[in-house]
Amino acid sequence: MAQITLTFPDGNARDYSAGITAAEVAADISKSLGKKAISADLDGDHFDLQWPIERDSRISINTMADDGPALELIRHDLAHIMARAVQELWPDVKVTIGPVIKDGWYYDFDRDEPFTPEDLGAIENKMKEIINLRDPVTTEVWDRDRAIAHYEQSNEPFKVELVEAIPQGDPVRMYWHGHWQDLCRGPHLQHTGQVPADAFKLMSVAGAYWRGDSRNKQLQRIYGVAFKTRAELKAHLTMLEEAAKRDHRRLGREMELFHMQEEAPGQVFWHAGGWALYTTLQDYMRRRQRAGGYVEVNTPQVVDRKLWEASGHWEKYQEHMFIVEVDEEHAREKSINALKPMNCPCHVQIYNHGLKSYRELPLRMAEFGACNRYEPSGALHGLMRVRGFTQDDAHIFCREDQIEAETRRFIEFLSAIYRDLGFEKFAVKFSDRPETRAGADDIWDKAEHALKSATEAAGYAYELNPGEGAFYGPKLEFVLTDAIGRDWQCGTLQVDFVMPERLDATYIGADGAKHRPVMLHRAVLGSFERFIGILIENFAGRFPFWLAPRQVVVATIVSEADAYAQEVVAELRARGLRAEADLRNEKINYKVREHSVGKVPVILAIGAREVSERSVSVRRLGEQGTTSAPFDEIAQSLVREATPPDLR
RNA sequence: GCCGCUGUAGCUCAGCUGGUAGAGCACGUCAUUCGUAAUGAUGGGGUCGGGGGUUCGAGUCCCUUCAGCGGCACCA
């Protein structure tokens with residue numbers, strides 16, 4: 001029998017006979033490890049204990065104390081246990097795939113009847129029964145034809161398809177959880193009883209296409225979450241409740257920022273508070289862009305299809321455009337227009353007015369461009385995905401050799417803005433050339449190199465998304481992480497070789513000849529609507545003072561203070577603050593509670609004492625105590641605090 | 001767009017097997033003038049998302065449509 005050498009994490013090595021299992025190795029190390037072991041990492045890959053080890057490897061034995069492997073095994077076994085439970089309850093249901101995902105797993109089933117919430121409860125109970133059976137998990141390697149024959153016989157067409165996709169000659173691993181069998185890569189635990197029966201929960205059922213393709217049959221996907229302990233499950237459910245509390249749709253209503261209604265799906269009715277936030281953000285961006293060397297323009301909303309045909313959008317995105325037909329009485333034919341879904345073709349029109357010299361490049365043309373896109377109904381989601389929105393859009397017309405400098409300049413521009421808005425860190429993703437693309441390879445080489453080296457020069461690492469670039473050029477995406485760890489892709493910079501060509505943009509070079517400029521499409525926030533949604537959730541409605549929709553409420557304690565309170569409000573407004581008076585005949589407790597719930601950052605309380613001293617009592621959101629000071633002093637410090645970060 | 005679920009007062013929600021709508025908060029009025037997270041009393045408010053059908057009778061059952069929610073697909 002051949003000998004193999006296994007090297008442990010502490011650097012020690014031992015020799016074993018080839019074919020030994022990780023379980024045997026663990027038991028050899030110590031009796032207790034043999035008992036506690038749940039799986040093993042071999043050269044960094046995760047295997048189950050029964051796996052025979054055939055060659056020299058680095059090995060580390062995992063126990064339930066190792067969170068990563070333990071959770072993966074628990075969730076993966078639960079996926080199988082759930083599938084078994086479903087087939088025991090409804091034997092005619094077809095199984096497909098069930099991977100581990102963040103916090104849990106899902107499994108896709110083919111069943112004619114929809115799963116109901118009651119079904120989920122029944123499945124959960126059945127799963128607990130299976131766990132309590134402590135059924136052994138066993139595995140075998142089959143050859144492909146045997147597996148196909150098996151699944152054909154048991155009438156599992158999706159499994160047949162999965163096995164058929166495995167290359168001829170590759171081993172096919174089969175797993176059994178008790179009598180129930182599934183095709184699976186593994187690894188798994190040793191018996192079903194190792195899964196904590198009280199630390200998982202089935203969350204929801206949703207439609208999902210087989211293999212993620214909308215042309216395929218739609219299956220039913222059941223999602224579950226699972227942890228090692230009941231306490232962790234509870235903590236997770238509590239976290240979900242907390243996340244729901246900062247949902248921008250809920251806060252938008254509670255804080256009276258905006259609403260949406262049936263008559264205008266996917267479009268926003270901004271209320272006074274939300275619009276204050278919106279315009280504050282827009283004013284800030286306008287100043288930033290001016291300082292950043294952009295010119296600001298504005299272009300039409302309704303544009304004839306001829307331009308969209310020229311730009312190529314008509315062909316590719318017609319279904320997602322709002323079409324406006326104008327039936328003019330004396331027109332020979334109907335004029336067909338579209339609400340602009342993006343600004344770039346219009347910007348090229350401005351660029352094309354008058355000859356441009358190479359001396360004018362780079363030309364940075366910005367627009368707070370109001371766009372409309374007919375998004376599929378199922379895609380709409382609060383402010384995050386809307387049909388009417390305004391982009392902080394700009395196009396930089398430049399020469400190829402200017403791409404790198406412009407990219408670096410943009411990254412620095414964007415990072416300053418993200419920092420001002422409360423996002424310290426962001427990630428950069430770089431997408432290079434896709435299979436089908438326009439433009440010559442040497443230009444792609446140059447553009448890709450320019451984006452990469454500009455990113456590095458600006459001091460950022462990037463993650464590569466191979467082949468994910470647009471057909472017209474490579475792109476950078478900027479992803480920020482919010483206060484509860486969620487990622488949002490906001491900024492983008494895309495190189496475009498095609499649009500200048502299609503719309504015939506040129507400049508006169510130093511050589512006196514016409515040349516083609518390159519266009520850089522870029523945005524920092526993306527859309528104001530979505531970005532404000534992100535801000536709301538990031539801050540949970542507790543905005544920094546300069547952005548807060550209502551900055552100050554002046555609340556009276558006695559009605560004798562009304563006149564002075566109004567004076568205070570008038571003065572704060574005169575100094576540019578968003579201040580309101582609350583003169584209602586209510587106790588100060590009531591007013592403080594209401595405005596605290598409304599997330600007003602500063603409440604100024606005024607009673608008889610403040611009137612006589614011409615002072616105010618200041619209460620900050622989230623703080624218990626109050627401070628008292630002369631009004632003028634407070635007003636000055638509030639004005640300072642309300643100054644946007646770029647003006648400080 | 002697809003699958004599933006939901007739609008009752010401004011908000012959150014109750015309304016059993018069909019018999020002609022209810023609570024809390026909010027809002028109005030009155031009393032109270034109060035010192036930092038809900039003062040008390042009282043009053044008004046809903047064509048039960050829209051349309052159609054079954055029925056003596058529909059918030060409740062059926063069909064259809066719109067919108068929202070959770071996913072999937074999409075996201076120039």
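Computed from a prediction, not measured in an experiment: that's the story for all the values here. Proteins get letters first, then strands, A, B, ... in listed order; numbering begins at 1 in each.
A:Leu604 places its CG atom 19 Å from the P atom of B:rG35, with the value rounded to the nearest Å. A:Ile603 has its CD1 atom 16 Å from the P atom of B:rG35, to the nearest Å. For A:Gln220 and B:rC3, the CD to P distance is 11 Å, given to the nearest whole Å. When rounded to the nearest whole Å, the span between CG of A:Leu583 and P of B:rC34 equals 16 Å. To the nearest angstrom, P of B:rC11 lies 12 Å from CD of A:Glu256.
Scored by the salt bridge (charged side-chain N to carboxylate O under 4.0 Å, His left out) test, A:Arg249 finds A:Asp247 as partners (sequence neighbours excluded). Residues forming a salt bridge (charged side-chain N to carboxylate O under 4.0 Å, His left out) with A:Asp103 (at least two apart in sequence, or on another chain): none. The salt bridge (charged side-chain N to carboxylate O under 4.0 Å, His left out) search around A:Arg620 returns A:Glu641, not counting sequence neighbours. A search for side-chain contact (heavy atoms from CB on, under 4.5 Å) contacts involving A:Trp90 returns A:Val86, A:Asp92, A:Val93, A:Arg111, A:Phe115, A:Asp119, A:Ile123, not counting sequence neighbours. For A:Leu237, the side-chain contact (heavy atoms from CB on, under 4.5 Å) partners are A:Lys201, A:Met203, A:Leu233, A:Leu240, not counting sequence neighbours. Residues meeting the salt bridge (charged side-chain N to carboxylate O under 4.0 Å, His left out) test with A:Arg305, sequence neighbours left out: A:Glu309.
Within the 6.0 Å centre-distance limit, the rings of A:Phe368 and A:Phe528 are counted as a close aromatic pair. Between A:His259 and A:Phe269, the ring centre distance stays below 6.0 Å.
Residue-level contact check: A:Glu610 touches the bases, meaning some heavy atom is under 4.0 Å from a base atom.
Rounded to the nearest Å, the gap between the P atom of B:rU12 and that of B:rG68 is 15 Å. Separating the P atom of B:rG50 from that of B:rA67 is a span of 15 Å, rounded to the nearest Å. One C1' atom belongs to B:rC62, the other to B:rA58, and the distance between them is 11 Å to the nearest Å. Between B:rG10 and B:rG71, the two P atoms lie 29 Å apart (nearest whole Å). Comparing the same atom, C1', in B:rG24 and in B:rU8 gives a spacing of 15 Å after rounding to whole Å. Comparing B:rG22 with B:rG43, their P atoms sit 15 Å apart, to the nearest whole Å. If you take atom C1' in B:rG18 and the same atom in B:rU55, they sit 9 Å apart, rounded to whole Å. Taking atom P in both B:rC48 and B:rG59, one finds a spacing of 7 Å when rounded to whole Å.
Remark: A:Arg373 fails to qualify as a cation-pi partner of A:Phe322 under the 6.0 Å distance and 45° angle criteria applied to the six-membered ring. Judged by a 6.0 Å distance limit and a 45° cone about the ring axis, A:Arg221 is positioned over the six-membered ring of A:Tyr106.
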Which protein N or O atoms sit under 3.5 Å from an N or O of nucleotides 26-30 of chain B?
residue	atom	partner	partner atom	Å
B:rA26	OP1	A:Tyr590	OH	3.2

Below 3.5 Å is the cut-off: list the nitrogen or oxygen pairs between protein and nucleotides 12-14 of chain B, distance only.
residue	atom	partner	partner atom	Å
B:rU12	OP1	A:Arg253	NH2	3.2

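Between the side chain of A:Tyr418 and the backbone N or O of A:Gly491 there is at least one donor-acceptor pair closer than 3.5 Å. Put simply, the side chain of A:Asp432 gets close to the backbone of A:Gly467: a donor and an acceptor are under 3.5 Å apart.
Residues from residues 116-125 of chain A placing a heavy atom under 4.0 Å of any atom in RNA chain B do not occur.
Summarising the base pairing, B:rU33 is matched to no nucleotide, lacking a Watson-Crick or G-U wobble pair whose two defining distances lie under 3.5 Å. Using the Watson-Crick or G-U wobble rule with both distances under 3.5 Å, B:rG59 pairs with nothing in any strand shown. Pairing partner, B:rU17: none, since no Watson-Crick or wobble contact has both distances short of 3.5 Å. When both distances must be under 3.5 Å, the Watson-Crick or G-U wobble mate of B:rU47 does not exist. Pair check for B:rU42 finds B:rG28; Watson-Crick or G-U wobble, both atom distances under 3.5 Å. When both distances must be under 3.5 Å, the Watson-Crick or G-U wobble mate of B:rC75 does not exist. Under the Watson-Crick or G-U wobble criterion, with both distances below 3.5 Å, B:rU54 has no partner in any strand shown. Pairing for B:rA9 is absent, with no Watson-Crick or G-U wobble pair whose two atom distances lie under 3.5 Å.
Using a 4.0 Å cut-off, no side-chain N or O of A:Asn589 falls inside it from OP1 or OP2 of B:rU36.
Judged by closest nucleotide on RNA chain B, A:Phe115 is the one of A:Phe115 and A:Gly622 placed further toward the 5' end.
Side-chain atoms of A:Thr626 and base atoms of B:rU36 include no donor and acceptor less than 3.5 Å apart.
Ion pairing between a basic and an acidic side chain is recognised when a charged N comes within 4.0 Å of a carboxylate O; A:Arg486 and A:Glu537 show such pairing.
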Using distance only, find each side-chain donor-acceptor pair of residues 588-595 of chain A under 3.5 Å and give its atom names and separation, not counting sequence neighbours.
residue	atom	partner	partner atom	Å
A:Lys591	NZ	A:Thr556	O	2.9
A:Lys591	NZ	A:Thr556	OG1	3.0
A:Lys591	NZ	A:Asp582	O	3.0
A:Lys591	NZ	A:Arg584	O	2.8
A:Glu594	OE2	A:Arg584	NH1	3.3
A:Glu594	OE2	A:Arg584	NH2	2.8
A:His595	NE2	A:Asp582	OD2	2.7

Can you give the donor-acceptor pairs under 3.5 Å from side chains of residues 621-635 of chain A to other protein atoms, not counting sequence neighbours?
residue	atom	partner	partner atom	Å
A:Ser628	OG	A:Val616	O	3.4
A:Asp632	OD1	A:Arg575	NH2	2.7
A:Asp632	OD2	A:Gln636	NE2	3.2

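The aromatic rings of A:Phe109 and A:Tyr107 lie parallel to each other, their planes meeting at an angle below 30°, with 60° marking the opposite boundary.
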For nucleotides 65-76 of chain B, just jot down a letter per nucleotide in 5' to 3' order: B, S or -, based on protein non-hydrogen atoms under 4.0 Å. -SSSSBBBBBBB

